[in-house]
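Let me begin by presenting the structure, written as structure tokens, before commenting on it.
Counting starts at 1 for both ligands and their atoms, in listed order.
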Amino acid sequence: MGMLDLIERKKRGDALSEHEIRSWIAGVSDGSAPDYQSSALLMAMTLRGLDAREIDALTDAMANSGERLDLSAYGDCSADKHSSGGVGDSTSFLVVPIVAACGMVVGKMSGRGLGHTGGTLDKIQAIRGVRTQLSKSEFYRQLDTVGAALAGQTGEICPADKKLYALRDVTGTVDCTGLIAASIMSKKLAAGARNIVLDVKCGRAAFMQRREDAAELARMMVGIGKRAGRNVRAVVTDMRAPLSRYVGNALEVYGAIRILRGEERGPLYDVAIELASNLLGMHGVSDARARAERAVESGAALERFDRLIRAQGATEDVCAQPQLLNKARCRQDVYAAEDGYVTDIDAMQIARYVCDIGGGRRKMDDAIDPYVGAELHVRVAQPIAKGERIATIYANDPSRIRADLMQHAVRIGRERTDPIRWIREIIES
Ligand code: URA
């Protein structure tokens, strides 16, 4: 059956068979399916949608298009997490050591930041000496010795997804829920963990802005994972304001370490505990939340994070001295221009500003400045007085400091609004 026939049938709204989808992905992998025909098929799929059988076949075919990690040695203990990406979203630095401290094994393969969302690899590399390009044997060895790793891809995972994603990016076919679900879950299935928690963001700085769309994507991904025999849960979380008080690569690691040291709490802690307790719960731990909280209180999670970064080459003791991460040459405080209540903190504006001063990249090969960023001193719904400090900007080039942009991002009004409900929904099936 030729590609043209698949395109025609999908254009009419027919469901493709498992065999047809597998042949197409084989063609994508070996180059025999031309990009123009794959693009047309992706557009027909975007317009007509995919049913569960098609999504499962696509996910499985992409998961099998490259290397797969074998975590079977860890039995039911292996864990993984995925975040659909946000601002100040550094939950991996908490969830990974928390669940590792509770006996699970977490080999998390992460990516770099692009656009307004930060990437775990960029953040952890703000710690001097830390390496993220681990070979497969280094990755497995670290799982044996530390129980946790935060690294880039160890081999070529899902090359067919990589090719298709590049096509989707330039053909207006990214925003198809079935294609997104298959793309994300193919990588999670290939990464091998038995227990997977998905943090699906909604709100202005999220990939899916409407909560219902995020929940639909979450349900689809949970379904794919379960049908493939994995334990999967999704947590839909709000991403209208930064999750952490800190935005910027080194600053976000600093904020996470402060939480692990018991020096701060807040929404980042709450969401991380929710994600960690879902992983522990899927593994059958009955007092999962209490165990996750105790891992932080007892210092066990901090100790695990310390071992993880040392195993990956850290040359500075940031767990004992987190202030070593604050290396920006200039700081400027920003003050409230009026009395009232904080009604909104615009994650998108703050992320764009941090990107503009060097903290993010517009193209994949841009260099980033790990030390620039912003620290927020206020939360939505709190009262505020004119002249009170609302934020601090960290920069290396004083001419790029824009207090007015931060003032604009932290909105103040006369009426008190409700605090943000960060955890919106837990999806188990
Ligand atoms: N992230 C992915 O990995 N794939 C998508 O399709 C969208 C977001």
- Message: Quick check for you: to the nearest 0.5 Å, what is the distance between Arg245 atom CZ and Glu264 atom CD?
- Response: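 With rounding to 0.5 Å, CZ (Arg245) is 4.5 Å from CD (Glu264).
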- Task: Would you list the pairs meeting ring-ring contact (aromatic ring centres under 6.0 Å, His included) in which at least one residue belongs to residues 126-171, sequence neighbours left out?
- Result: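 For residues 126-171: none.
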- Message: Listing request: all ring-ring contact (aromatic ring centres under 6.0 Å, His included) pairs with a residue in residues 249-274, at least two apart in sequence or in separate chains.
- Response: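 Listed once each, the pairs are Tyr246-Tyr254.
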- Task: Run through ligand 1 for me and note each protein residue having a heavy atom under 4.0 Å from it, chain first, then residue number.
- Result: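 Near ligand 1, by chain and number: Tyr165, Arg168, Ile180, Ser183, Ile184, Lys187, Phe207.
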- Item | Main-chain N/O of Thr145 paired to Arg307 side chain as donor or acceptor, under 3.5 Å |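 Such a contact is found between Arg307 side chain and Thr145 backbone.
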- Query: Who pairs with Asp80 by salt bridge (charged side-chain N to carboxylate O under 4.0 Å, His left out), at least two apart in sequence or on another chain?
  - Reply: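 Listed in chain order: Lys188.
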- Is the number of heavy atoms from other residues, nucleotides or ligands under 6.0 Å of Arg227 CZ greater than 12?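 Yes, CZ of Arg227 has more than 12 neighbouring heavy atoms, counting only those of other groups under 6.0 Å.
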